[in-house]
There are 2 protein chains.
Amino acid sequence: MFSKACEYGIRAAVYVALQSLEGRRVSVIEIAEEIDSPIAFTAKILQQLSKNDIINSVKGPTGGFEIEREDMDAVKLSKIVKAIDGDNIYVGCGLGLRECNADKPCPLHDKFVDIRTDLRTMLQNTSLFELATGLEVGLTYLKR
Amino acid sequence: MFSKACEYGIRAAVYVALQSLEGRRVSVIEIAEEIDSPIAFTAKILQQLSKNDIINSVKGPTGGFEIEREDMDAVKLSKIVKAIDGDNIYVGCGLGLRECNADKPCPLHDKFVDIRTDLRTMLQNTSLFELATGLEVGLTYLKR
DNA sequence: TCAATAAAGGACATTTTTGTCCGAATTATA
DNA sequence: TATAATTCGGACAAAAATGTCCTTTATTGA
Ligand code: FES
Ligand code: FES
C-alpha cells in the first residue's frame, strides 16, 4: 500500500508528535529506536518531512525534531503520504493506465474509485495529533 | 497499490477472458500489444497466472492463452492479486508493523482496517467475466 | 574560542522489482 | 518426419527502492 519510506515516515512523525506533546525534542537515533527502523534511512526520511514543513528540525546540541501543537492538528496523513510517495495513490489508475480517466475508464475504474476515495478521505481527515493521542494513552503501538 | 506485475497480470487476464468469450486463443505477443506492456515481462506473468490455474496455456502452433467460460466467473481479482503480490495487501499492517494485530494495534489500525476490508471485499467479489464484459461492450479500456 | 552534538547532504552499497534474451520443450500441420 | 509456432524456464540486465557511511554545517555550552 505505502512504501517502506512512507511507513517509517508516518511512524516517525507520530512519534515526534507524541514526544512534542510531552515537551521533548527527539533525535534520529531515538526515533529509529522507538519505531524500529534503520537509523540512516530514517534520517533521510526525516529530512524530507522537515523540508515539507511537516516537522521542524533543530541542529546542534539539544537539537532534534519536534512539531508544534497546532501543526499536529493541521498535518494530516495525506500530507505525509504525498510528500513521500507522491499522489499516485490518490489519483492513479488501479490497473496502471497512464492516468485515471472516467471518460475512458479501465475495467476496474468504477469499483476502484470508491476505494481510492475512501482511502484519500481517511488520510485527509486523520491528523498527527489524533494518532499520537492513542499512543499517549497506551492503546496503540509504533513497534512490536 | 498494486505492483506493475500485478497490474499487467490483471489487464492480461481480462484481455484473455474477453478473447476467450469470442472463442479466440491469444499469444503473448498479442496480449502485450493489446494491454500495452513489455512482451517478455508479460510472458513471465502469464506463466504465473497459468501455474496458479487462473488461465490455461497451450503450447505449439495455434497455441496461446485462454480461459474457460466458467472460470471467468470463478476467478476473482483477489486470486490474481494474491498469486502475484501475495496477501500483504489483505492482511498486512498499514504502517508496516510485522503483522496487523488488533490486540496491539498501530495508530492507524482502526481506520486502515476498514479500507483494507473494503478493498478485499471488492476484489473477492469482482470476477474476470464482469470486467471482460465492460470491455466487450466498448465501455472500458485496457490501454490508451 | 573550542569542543561536542546533532541534522544535512552527498556518495556509495544492497536488495527488490522490472525488464530482456535465448535455448529447451511441446505440438500442429505440411 | 521435419518444420515452424508457441509457451516454459533459466540466466542475465537495468532501474528503483531501500539502506549505509562519511563529511559538512549549524549550534550549544563550557
Ligand atoms: S481508469 Fe483505471 S481506475 Fe480510473
Ligand atoms: S496493526 Fe497496523 S493496521 Fe492493524
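Computed from a prediction, not measured in an experiment: that's the story for all the values here. Residue numbers start from 1 in every chain, and the chains themselves are labelled A, B, ... in the order their sequence lines are given, proteins ahead of strands.
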Test salt bridge (Lys or Arg N to Asp or Glu O under 4.0 Å) applied to B:E30 - qualifying residues, sequence neighbours left out
B:R24
Length of the line joining B:K44:NZ and D:dA14:C1', which is rounded to integer Å
16 Å
Checking side-chain polar atoms at under 3.5 Å, does B:K111 have a donor or acceptor matched by the opposite partner on A:T126?
yes
Nearest-Å distance, CZ (B:R25) to C1' (D:dA5)?
13 Å
Quick one: is B:Q47 getting a side-chain N or O under 4.0 Å of the D:dT7 phosphate, OP1 or OP2?
no
Rounded distance in Å - NZ (B:K51) to P (D:dG10):
7 Å
Return the nearest nucleotide to the side chain of B:V28; candidates are D:dT25, D:dT7, D:dG29.
D:dT7
Please work out whether the ring planes of A:Y8 and A:F41 are parallel, tilted or perpendicular, with thresholds of 30° and 60°.
perpendicular
Has A:R116 got its NZ or CZ under 6.0 Å from the middle of the six-membered ring of A:Y90, at an angle within 45 degrees of the ring axis?
no
Nearest whole angstrom, please: distance from the P of D:dC8 to the CG of B:L49.
10 Å
My understanding is that only one of A:I80, A:L77, A:D118 makes a side chain to side chain contact (heavy atoms under 4.5 Å, CB included) with A:L123; could you say which?
A:L77
Taking B:V16 as the fixed residue, which of B:I54, B:I31, B:L21 is the one that meets the side chain to side chain contact (heavy atoms under 4.5 Å, CB included) rule?
B:I31
5'-most by nearest nucleotide on DNA chain D - B:I29 or A:C6
B:I29
What nucleotide among D:dT7, D:dT20, D:dT27 has an atom nearest to a side-chain atom of A:F41?
D:dT20
Rounding to an integer number of Å, can you tell me how far A:Q48 CD sits from D:dA17 P?
12 Å
With DNA chain D as reference, determine whether A:K4 or A:V58 sits nearer its 5' end, using the nearest nucleotide of each.
A:K4
Of the candidates D:dT20, D:dT27, D:dT18, the side chain of A:A5 sits closest to D:dT18
Of all nucleotides in DNA chain C with an atom under 4.0 Å from a non-hydrogen atom of chain A, which is the first and which the last going 5' to 3'?
C:dA4 to C:dA11
Checking D:dT20, D:dT28, D:dG10 against the side chain of A:P61 (C-beta onward), the nearest is D:dT28
Mapping B:Y8 and B:G60 to their closest nucleotides on DNA chain C, which lands nearer the 5' end?
B:Y8
Measure the distance from CD1 on A:I84 to C1' on D:dT18 and round it to the nearest whole Å.
13 Å
May I ask you to decide if A:I35's main-chain N or O and A:R11's side chain share a donor-acceptor pair within less than 3.5 Å?
yes
